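Here is the naming used below: chain letters follow the sequence lines, and residue numbers restart at 1 for every chain. Just so we're clear, the structure is a prediction, and the values are computed from it rather than from any experiment.
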Protein chains: 2
Amino acid sequence: MSDAVDALMAQWKQERPDIDVWPMGVIGRISRLSALLGRELKESFAEYGLEPFEFDVLATLRRSGAPYELTAGALLKAAMVTSGAITNRIDRMEAKGLVERVRDGADRRSVRIRLTRRGLELVDEVVGPHVANEERLLAALGPAERDQLAGLLRVLLESMGDTSLT
Amino acid sequence: MSDAVDALMAQWKQERPDIDVWPMGVIGRISRLSALLGRELKESFAEYGLEPFEFDVLATLRRSGAPYELTAGALLKAAMVTSGAITNRIDRMEAKGLVERVRDGADRRSVRIRLTRRGLELVDEVVGPHVANEERLLAALGPAERDQLAGLLRVLLESMGDTSLT
DNA sequence: ACTGATAATCTCAACATTGAGATAACAGCA
DNA sequence: TGCTGTTATCTCAATGTTGAGATTATCAGT
């Protein structure tokens with residue numbers, strides 16, 4: 001079998017035989033998969049009235065454990081977005097009643113973002129179906145293949161300095 | 001060793017032991033890698049005054065072979081974006097002199113987008129360094145690992161119906 | 001030829017992100 | 001106490017994408 005990336009690489013081989021485009025076989029597939037998976041997940045979140053970025057924030061807070069709060073800085077690192085984006089996200093989610101801003105007493109520069117009761121209930125309701133949906137999208141892989149794939153991807157992430165989150 | 005996704009999964013295990021979040025080990029890594037790789041590639045393209053999306057269009061046209069032209073529809077499928085996005089991209093690139101619109105004689109609904117001489121020269125100049133840069137980003141993997149990774153990713157892409165391009 | 005359905009592209013408002021800069025607060029040290 | 005540098009967040013204009021709808025052209029069947 002072959003996918004769109006195989007076709008793409010065959011074209012390059014034809015047009016520029018002087019260049020070995022093997023890296024596209026990895027990077028091209030990662031980026032196409034990311035786009036396709038993102039689309040699927042978006043539909044799934046929409047059933048709960050959530051945008052993917054909203055789930056991302058809710059999940060980051062939820063998995064950090066009680067009292068379910070993190071600084072804006074911790075959130076933007078976890079989400080890999082800029083400070084402007086996090087401010088915007090929190091604004092919307094606060095308006096929606098999913099999180100609240102709590103000024104820190106010790107360091108008044110920072111803001112702690114805390115899950116509201118409603119945000120907590122929502123994320124706890126959504127995370128199960130979300131993982132089940134992810135499982136469905138990966139059903140083409142057997143158990144050994146999943147582990148192998150996860151391991152290879154981790155090698156790359158580590159080589160690019162991807163560590164910690166909170 | 002461990003990466004950010006290992007940390008994330010450990011937190012979930014702590015907070016929601018009832019859910020096995022193994023799919024995040026694959027999907028989370030694909031999406032983080034896509035973001036990190038995208039950043040790196042963007043810097044590289046910037047050295048040639050190109051945005052990533054511009055290279056994407058140039059490369060799609062270049063690898064399609066002489067006369068280096070495709071319809072707007074073919075381009076949007078290859079880039080996995082909506083029609084509005086492609087119209088916008090072509091507008092900008094046409095203004096920059098990288099591509100030109102050619103009305104099709106046979107089907108006057110469609111527009112063929114063609115590389116200009118300048119666009120062709122630019123993409124032929126950039127593609128070599130671009131692939132070399134991608135190679136650098138994948139240096140953490142050995143030859144056998146690359147093939148293995150590409151193969152596993154292909155299984156997923158095929159299962160999601162990713163085929164053809166032009 | 002006509003009519004309705006389909007197809008290809010463009011238009012445009014809404015939206016989320018970036019990136020640079022502003023603001024406010026903390027930390028170390030003379 | 002007063003400086004200087006750093007840190008945390010917010011602000012805002014510019015940018016690119018989406019998604020729905022408009023426009024124009026083709027095709028199939030009658």
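- D:dA8 atom P lies 14 Å from atom CD1 of A:Ile113, rounded to whole Å.
- Side-chain atoms of B:Lys42 lie closest to C:dT18 of the nucleotides C:dT18, D:dG19, D:dG16.
- To the nearest angstrom, P of C:dA7 lies 10 Å from NZ of B:Lys77.
- Closest approach of B:Ser83 and B:Leu76 over heavy atoms only: CA-CD2, 3.8 Å.
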Practice task
Begin from the C-alpha positions of B:Arg101 and B:Asp91 and carry the test salt bridge (charged side-chain N to carboxylate O under 4.0 Å, His left out) through to its verdict.
Solution key: CA-CA 9 Å; B:Arg101 279 182 167 91; B:Asp91 284 349; 3.0 Å; yes
Problem - Steps toward salt bridge (charged side-chain N to carboxylate O under 4.0 Å, His left out) verdict (A:Glu15, B:Arg63) - result: CA-CA 6 Å; A:Glu15 291 294 317; B:Arg63 70 173 188 258; over 6 Å; no
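- Residue A:Arg112 is out of contact with every strand shown, counting any heavy-atom pair closer than 4.0 Å.
- Rounding to the nearest 0.5 angstrom, the gap separating the NZ atom in A:Lys96 from the CD atom in A:Glu51 is 7.0 Å.
- Of the candidates D:dT11, D:dT18, C:dT18, the closest approach to any side-chain atom of A:Thr87 belongs to D:dT11.
- Remark: A:Arg112 does not engage A:Asp107 in a salt bridge, criterion side-chain N to carboxylate O under 4.0 Å.
- Where B:Met80 and A:Thr71 meet DNA chain D, the nucleotide closest to each residue was compared, and A:Thr71 sits on the side nearer the 5' end.
- With distances taken from any side-chain atom of A:Ser83 to the nucleotides C:dG19, C:dC10, D:dC10, the minimum falls on D:dC10.
- Using a 4.0 Å cut-off between charged side-chain N and carboxylate O, A:Glu40 and A:Arg136 make a salt bridge.
- Comparing atom distances between the A:Ser110 side chain and each of D:dT18, C:dC15, D:dA8 picks out D:dA8 as nearest.
- Nearest-nucleotide mapping onto DNA chain C: of A:Ile86 and B:Arg101, the residue sitting toward the 5' end is B:Arg101.
- Residue A:Leu75 contributes atom CG, which lies 15 Å from atom C1' of D:dC10 at whole-angstrom precision.
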Would you list the protein and nucleotides 23-26 of chain C atom pairs, both N or O, that sit under 3.5 Å from each other?
residue	atom	partner	partner atom	Å
C:dC26	OP1	A:Arg108	N	3.0

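- The 5' end of DNA chain D is approached more closely, in terms of each residue's nearest nucleotide, by A:Ala85 than by the other of B:Thr82 and A:Ala85.
- As judged by a 4.0 angstrom heavy-atom cut-off over every strand, A:Gly73 is placed among residues touching the sugar-phosphate backbone only.
- Spacing between atom CZ of B:Arg103 and atom P of C:dT9 amounts to 8 Å, rounded to whole angstrom units.
- For the pair B:Leu70 CG and C:dT9 C1', the interatomic distance rounds to 15 Å; values are reported in whole Å.
- If you take CD of A:Glu54 and P of C:dC15, they are 12 Å apart, rounded to a whole angstrom.
- Within the structure, a side-chain polar atom (N or O) of A:Arg92 is placed less than 4.0 Å from OP1 or OP2 of C:dA16.
- Note: CG (B:Asn88) to C1' (C:dA13) measures 14 Å, nearest angstrom.
- Picking from C:dT17, C:dT9, D:dG16 the nucleotide with the shortest atom distance to the side chain of B:Val111 gives C:dT9.
- Interatomic distance, OG of A:Ser31 versus CD1 of B:Ile30, reported as 11.0 Å (0.5 Å rounding).
- Summarising the geometry, the separation between CG on B:Leu76 and C1' on D:dT18 is reported as 13 Å, rounded to the nearest angstrom.
- With values rounded to the nearest 0.5 angstrom, B:Ile27 atom CD1 is found 4.0 Å from A:Leu138 atom CG.
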